[in-house]
Amino acid sequence: MKNGFRQSMAWLHTWTGLLVGWLLLLIFMAGTASYYREEISRWMRPELPRSTVSADDAAGRALSFLQHKAPLAESWTVTLPDARNPAMRMFWRNPESMVKPPVEGEKRRRRGGGRFGDATVDPNTGNEVTARETRGGDFFYRLHFDLHYIPVIWARYIVGFCAMFMLVAIITGIITHKKIFKDFFTFRPQKGLRSWLDFHNVSAVMALPYHAMITYTGIVTLMFLYLPWGVKSAYPNDEDAFFSEAFARMAEVESPAQGTAVPVPIQQLMDSARKQWNGADIAGFTVYRPGAANTVVDIQQRDGKRLSIDTPSLRYDAVSGQLLEASPGAGGATQTRGVMYGLHLARFADWGLRALFFLSGLIGCLMVASGVVLWAVKERPKHAKSGKTGFGLRLVDALNIGAVAGLPVAFAAYFWGNRLLPVQLAERSAAEANVFFWAWGAALLAAFIWPKRMMWAWQLYVGAALFALIPLLNVLTTNAHLGASIAAGDWVLASFDLCMIAFGAMLAYCGWRMQRWQPPLSAAEKKRRQQAAAAAEASA
């Protein structure tokens, strides 16, 4: 223990935040961007058309495409377009007899050449769309809990470790605050260390419920990875049975196809599903044994306004149109887990609430960034007395610059890579991810070479230029630029370009402030200067 309980909590708050702060900032920034992953994916595939047809018409065109593209498939899965995702995504599973044995050294065959196939289809015409290969916003979504380049299991353990440290930092931060309500309204600029502390307090208290919710629910989403022993004990030989029972899934379709028959129109099944769900929207459907006399169709409800991530499904006989089965009701524990998961992903949010989540996420990024910077600001006077900067402070300074100022450079570089890499480049989505990490690596290397205040300004200016010039790059490389999107009323694409300009302006302002910033004089330095001025006046 330190001098007392609160002092011990302050010490714990400092070190739990600092040790994982830089990786936590990456997780927070990628997770915050994920609130708009559909919109980011749309911008990064400018070849995709806008959807102007109903879900029923789109479903009919999807089945026509699949009957021509994969008539012998064992199953078809269709994701219908919506306001955030205008294209149709579809997947199919071919019989094992159609799979050719892999040739040594040959890469995995795609688009129906192997066991699985996929396509992106224009819902307006039913034709396949040839769009550039990209992970889009899904890159950020996966990055914030899979980290990239390292095994997924290890990445999720690391992210869970960081989330648990974050939860400890939140709890100890609340305990440390004497006047948490007052800190919400207190910010004293131009006061050196006091200003950094005020900024950290304000950013922490302003969105405190969000920070606590997003951290705790993030741990809950992977709870079976962190605490698997209960499942292993109750289901030692068949863990899949646990997940089928716990998450109220319908039984797998395993029986083989029998005969042939003409199915009822998919629109008839969708109308029946809407009546069962009191008008709820449909996200998509899966057809098992297409073309057979025992074809069945599973229809999935769209997330809509449901807090829970677990959405119901209905299974129909595709030939008679009879409702065969509904997904069973979930128990209390499963419903609680589904709501926790849903809160973390926020798919239920409309545009206003999603913007609030995004803004809260940005405030969380500022909280983490100001926390790691605050440690360096507090330590610097101690090193100034000895006349040299110690290794620990130099390391933290470099990591602060490379993470706080360098990560925006990497995010902007990812979007530049999407526009500048050749459209037909092999493994293009992996190349875009490499651009992100090469840019971040360059920012970190520059910070370690010269971890000075001007490096802050330079990296912030680079990030500002990269963000602000994205709309211009869009004009030079695509027809889906700001002028065209505004004229067409496509505010998804237009808002993305406008946000890039806004981020560029904010980073430019931060760079300008950092360039002009002068550390305030310490009390000892002020006293020394006053004494020198008094002595000069006396001698005069």
Side-chain angles (χ1 to χ4, degrees), residues 29-52 81-87 120 122 129 131-141 143 349-359 361-362 365 405 407-423 428-429 431-433 435-436 439 459-512:
M29 291 181 69
T32 300
S34 298
Y35 287 128
Y36 289 102
R37 64 172 170 156
E38 299 287 356
E39 289 77 8
I40 292 172
S41 296
R42 168 85 190 286
W43 184 88
M44 295 183 72
R45 304 184 79 185
E47 299 85 2
L48 295 181
R50 295 181 65 189
S51 177
T52 58
D82 60 12
R84 300 182 64 199
N85 188 3
T120 301
D122 182 353
V129 178
R132 65 190 65 196
E133 181 190 356
T134 179
R135 293 179 186 174
D138 288 338
F139 168 72
F140 297 126
Y141 173 70
L143 178 65
D350 58 13
W351 70 269
L353 186 56
R354 182 172 290 107
L356 183 60
F357 268 73
F358 181 76
L359 180 61
L362 289 180
C365 296
L407 273 173
V409 174
F411 273 70
Y414 178 68
F415 299 131
W416 278 71
N418 175 261
R419 290 299 191 255
L420 295 181
L421 290 173
V423 174
R428 192 177 185 279
S429 60
E432 289 180 355
V435 170
F436 177 94
Q459 292 204 17
L460 288 168
Y461 281 141
V462 169
L466 289 175
F467 272 111
L469 292 175
I470 283 175
L472 176 60
L473 176 68
N474 206 16
V475 171
L476 298 176
T477 55
T478 73
N479 295 322
H481 51 78
L482 186 59
S485 56
I486 291 179
D490 192 343
W491 289 104
V492 171
L493 296 182
S495 298
F496 185 95
D497 283 340
L498 293 173
C499 286
M500 296 300 100
I501 296 173
F503 282 132
M506 287 189 290
L507 289 172
Y509 174 74
C510 292
W512 177 77

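Just so it is clear, the values below take in all heavy atoms, side chains as well, and ignore hydrogens, waters and symmetry mates.
Within a 6.0 Å radius of CG in Asp350, more than 12 heavy atoms belonging to other residues, nucleotides or ligands are found.
The backbone N or O of Ala488 lies less than 3.5 Å from a partner atom in the side chain of Arg50, making a donor-acceptor pair. At least one donor-acceptor pair under 3.5 Å links the side chain of Ser41 to the backbone N or O of Gly137. Side chain of Asn418 to main chain of Gly136: no donor-acceptor pair is present (N/O by atom type, distance under 3.5 Å, no hydrogens or angles). Put simply, the side chain of Arg37 never gets that close to the backbone of Asp138: no donor and acceptor are under 3.5 Å apart. The backbone N or O of Pro422 sits less than 3.5 Å from a side-chain atom of Arg428, completing a donor-acceptor pair.
Residues Trp491 and Ile486 are in side-chain contact: their nearest non-hydrogen atoms beyond the backbone lie under 4.5 Å apart. Looking at Pro408 and Gln459, their side chains never come closer than 4.5 Å, going by heavy atoms from C-beta outward. Inter-residue side-chain proximity for Arg84 and Val492 is flagged as unmet; no heavy-atom pair is nearer than 4.5 Å. Side-chain contact between Leu466 and Leu507 is absent, with no heavy-atom pair separated by less than 4.5 Å. Residues Leu473 and Met500 are not in side-chain contact: their nearest non-hydrogen atoms beyond the backbone lie 4.5 Å or more apart. Side-chain contact between Leu362 and Thr32: present, with at least one pair of heavy atoms (C-beta onward) separated by less than 4.5 Å. With contacts defined as side-chain heavy-atom distances shorter than 4.5 Å, the pair Tyr414/Thr134 qualifies. Residues Glu47 and Thr120 form no side-chain contact, since every pair of their non-hydrogen atoms from C-beta on lies 4.5 Å or further apart.
Within the model, atoms CG of Leu476 and CG of Leu472 stand 4.5 Å from one another, a figure rounded to the nearest 0.5 Å. Rounding to the nearest 0.5 Å places CZ of Arg45 at 9.0 Å from CD of Glu133. Here Thr477 contributes atom OG1 and Trp416 contributes atom CH2; the two are 9.5 Å apart, rounded to the nearest 0.5 Å. Put simply, OH on Tyr141 and CZ on Arg135 are 14.5 Å apart, with the number rounded to the nearest 0.5 Å. If you take CG on Leu498 and CD1 on Ile470, they are separated by 12.5 Å, rounding to the nearest 0.5 Å. Summarising the geometry, atom CD1 belonging to Ile40 is positioned 7.5 Å from atom OG belonging to Ser34; distances are rounded to the nearest 0.5 Å.
Here the closest heavy-atom approach between residue Leu493 and residue Ser485 is recorded as CB-CB, 3.9 Å. Closest heavy-atom contact between Val129 and Asp122: CG2-N, 3.5 Å. Counting all heavy atoms, side chain and backbone alike, Glu39 lies closest to Tyr35 at OE1-O, 4.4 Å. Scanning both residues, Ala464 and Gly504, for their nearest heavy atoms gives CB-O, 3.2 Å. Considering all non-hydrogen atoms of both residues, Thr478 and Asn474 come closest at OG1-OD1, 2.8 Å. Scanning all heavy atoms of the two residues, the minimum distance from Trp512 to Tyr461 falls at CA-OH, 3.1 Å.
By the 6.0 Å and 45° rule, Arg419 stacks over the aromatic ring of Trp43.
Classification of the Phe411-Phe436 ring pair by plane angle, with boundaries at 30° and 60°, yields perpendicular.
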